[in-house]
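Right, one structure below, let's go through it.
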Amino acid sequence: MEILRLVLLFLHVLGFAALLGGLVVQARDADKRVNPAMRDGVGTAFVTGLLLVGVLEAGDEAVDHAKIAVKFTIALVLLVLVMANIRKPQIPQGLWLGLLLLTVLNIGVAIFWSPAHAA
């Protein structure tokens, strides 16, 4: 079960890396758009996140449901915004910035709200 958890965690991190990379690569572009890296990254991160929760719930350790709820909500908003704008030739600067901030926020929640780092 631990190997499955680690593989899912690895894929989850890669998903968010792809989403973040797809956003950052457009930082200097005047016209922003939803690119394949963002689409695939947010989908991968969302699905693997759900699977990770399932694996954690099946284990013996306590699960922080508040953290999961926050991460799920942010990830769901990201997924909906990315998928709703996938066919548009460009997205507004404010939406691009919002996607970037939500992505960084979700990564921050994962890192700073973690019982794994507790002493």
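- Of all heavy-atom pairs spanning Gly22 and Ala37, the tightest one is CA-CB, 4.1 Å.
- Not a single donor-acceptor pair under 3.5 Å links the side chain of Lys71 to the backbone N or O of Ala110.
- If you take CG on Asp29 and CD on Gln93, they are separated by 10.0 Å, rounding to the nearest 0.5 Å.
- With Ile91 as reference, Asn85 is the one residue of Ile86, Asn85, Asp31 to meet the side-chain contact (heavy atoms from CB on, under 4.5 Å) rule.
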Trace of the side-chain contact (heavy atoms from CB on, under 4.5 Å) decision for Asp64 with Trp113: CA-CA 9 Å; Asp64 189 347; Trp113 188 350; 2.9 Å; yes
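- The CE atom of Met83 sits 11.0 Å away from atom CE of Met38, with the distance rounded to the nearest 0.5 Å.
- Identified under the salt bridge (charged side-chain N to carboxylate O under 4.0 Å, His left out) test for residues 5-21, with sequence neighbours left out: Glu2-Arg5.
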Verdict with supporting geometry, His12 and Leu14, side-chain contact (heavy atoms from CB on, under 4.5 Å): CA-CA 5 Å; His12 187 66; Leu14 286 181; over 6 Å; no
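- Here CG of Leu51 is found 8.0 Å from CG of Leu4. Values are rounded to the nearest 0.5 Å.
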Steps toward side-chain contact (heavy atoms from CB on, under 4.5 Å) verdict (Phe72, Leu50): CA-CA 8 Å; Phe72 175 79; Leu50 291 177; 3.8 Å; yes
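- By the criterion of side-chain heavy atoms lying less than 4.5 angstrom apart, applied directly or through intervening Ile, Leu, Val, Met, Phe, Trp or Tyr residues, Ile68 is not grouped with Leu79; the two fall into different hydrophobic clusters.
- Note that CG of Asn106 and CG of Leu76 are 11.0 Å apart. Values are rounded to the nearest 0.5 Å.
- Both Phe16 and Phe112 are members of a single hydrophobic cluster when ILVMFWY side chains are connected at heavy-atom separations under 4.5 Å.
- Note on Leu19 and Leu97: same hydrophobic cluster, where clusters join Ile, Leu, Val, Met, Phe, Trp and Tyr whose side-chain heavy atoms are under 4.5 Å apart, directly or indirectly.
- Between Ala18 and Gly41, the shortest heavy-atom distance links the atoms CB-CA, 3.8 Å.
- When all heavy atoms of Ala75 and Phe46 are compared, the pair lying nearest together is CB-CD1, 3.8 Å.
- Ile74 and Val82 fall within the same hydrophobic cluster, where Ile, Leu, Val, Met, Phe, Trp and Tyr residues are linked whenever their side-chain heavy atoms come under 4.5 Å apart, directly or through other members.
- When the options Leu20, Val77, Val42, Leu78 are evaluated for a side-chain contact (heavy atoms from CB on, under 4.5 Å) with Leu99, the one that passes is Leu78.
- A continuous path of ILVMFWY side-chain contacts below 4.5 Å connects Leu102 to Val70, so both sit in one hydrophobic cluster.
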side-chain contact (heavy atoms from CB on, under 4.5 Å) evaluation trace for Arg33 with Arg87: CA-CA 9 Å; Arg33 62 185 212 63; Arg87 293 196 171 144; over 6 Å; no
